[in-house]
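Note that the numbering runs from 1 along the sequence shown for the chain.
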Amino acid sequence: MRHERHYTREEATAALGEVAELLETMRDARERLTDTDVRDALAEAAPTNGGGSPGRHVSEAFLQLRDAAARLREMEVVLRDLERGLVDFPALRDGREVYLCWVEREEDEIAFWHDLDAGYAGREPLDG
């Protein structure tokens with residue numbers, strides 16, 4: 001088994017709100033880390049004062065990104081694509097380890113699963 005934690009469909013569904021919040025936090029932090037104006041201001045200020053306000057913004061964004069990613073790892077939710085919001089929840093199906101698959105903003109609920117090595121292309125409907 002690759003994972004210690006295995007979700008039921010109900011448990012994964014119950015976690016969707018928190019997962020969506022974490023994904024949004026990560027996207028927002030990534031945006032701030034790659035903001036050209038902030039990076040330019042940081043580069044200009046760094047030689048004299050350690051970056052000042054731009055340095056704080058970058059540091060805060062980095063910490064938010066790190067903390068959100070750590071929380072997903074704690075939950076054993078596997079992030080596949082941050083932009084799409086594609087995540088996998090480890091689960092057991094017919095006695096074997098699989099992933100329950102969810103795409104934020106495309107799917108309202110957990111409705112698909114796939115084998116550990118199959119990925120998104122190998123998704124199968126849970127009902128059917």
Nearest non-hydrogen partners of Trp102 and Ala20, listed with the distance: CH2-CB, 4.3 Å
Does the Arg9 side chain pair with the main chain of Ile110, one donor and one acceptor, at a distance under 3.5 Å? yes
Please report the interatomic distance SG(Cys101) to CH2(Trp113), rounded to the nearest 0.5 Å. 11.5 Å
Do Met26 and Val58 share a hydrophobic cluster (ILVMFWY, side-chain heavy atoms under 4.5 Å, transitive)? yes
Can you list the residues that meet the side chain to side chain donor-acceptor pair (under 3.5 Å) rule with Glu4, with sequence neighbours excluded? none
Just how far is it from atom CD of Glu60 to atom CG of Leu63, taken to the nearest 0.5 Å? 8.0 Å
What are the two closest heavy atoms between Pro125 and Arg93, and how far apart are they? O-NH2, 4.5 Å
Which value, rounded to the nearest 0.5 Å, describes the distance between Leu22 atom CG and Met75 atom CE? 6.5 Å
If you measure from CG on Leu100 to CD on Glu109, what distance do you get to the nearest 0.5 Å? 12.0 Å
Test item: Arg27 side-chain N/O and Leu82 main-chain N/O as donor-acceptor pair under 3.5 Å: yes
Grouping I, L, V, M, F, W and Y whenever their side-chain heavy atoms are under 4.5 Å apart, do Leu23 and Leu16 come out in a common cluster? yes
In short, Ala91 meets Tyr7 closest at the heavy-atom pair CB-O, 3.3 Å
Is any side-chain heavy atom of Leu79 closer than 4.5 Å to one of Arg73? no
Do His6 and Glu97 have side-chain N/O donor and acceptor atoms under 3.5 Å apart? yes
May I have the step-by-step check of ring-ring contact (aromatic ring centres under 6.0 Å, His included) for His3 and Tyr99, ending in yes or no? CA-CA 10 Å; His3 298 277; Tyr99 287 122; 5.4 Å; yes
Does Asp115 form a salt bridge (Lys or Arg N to Asp or Glu O under 4.0 Å) with Arg123? I'd like the steps, not just the answer. CA-CA 8 Å; Asp115 286 317; Arg123 292 183 354 146; over 6 Å; no
Any donor-acceptor pair under 3.5 Å linking the side chain of Glu76 with the backbone of Arg5? yes
Any donor-acceptor pair under 3.5 Å from Glu107 side chain to Val103 backbone: yes
Nearest 0.5 Å, what's the OG1-CD distance between Thr8 and Glu10? 4.5 Å
Test salt bridge (Lys or Arg N to Asp or Glu O under 4.0 Å) on Asp67 and Arg71; report intermediate values, then the result. CA-CA 6 Å; Asp67 292 348; Arg71 178 64 185 136; over 6 Å; no
Closest contact, heavy atoms only, Val98 versus His114: CB-O, 3.4 Å
Between the main-chain N or O of Glu21 and the side-chain N or O of Glu24, is there a donor-acceptor pair closer than 3.5 Å? no
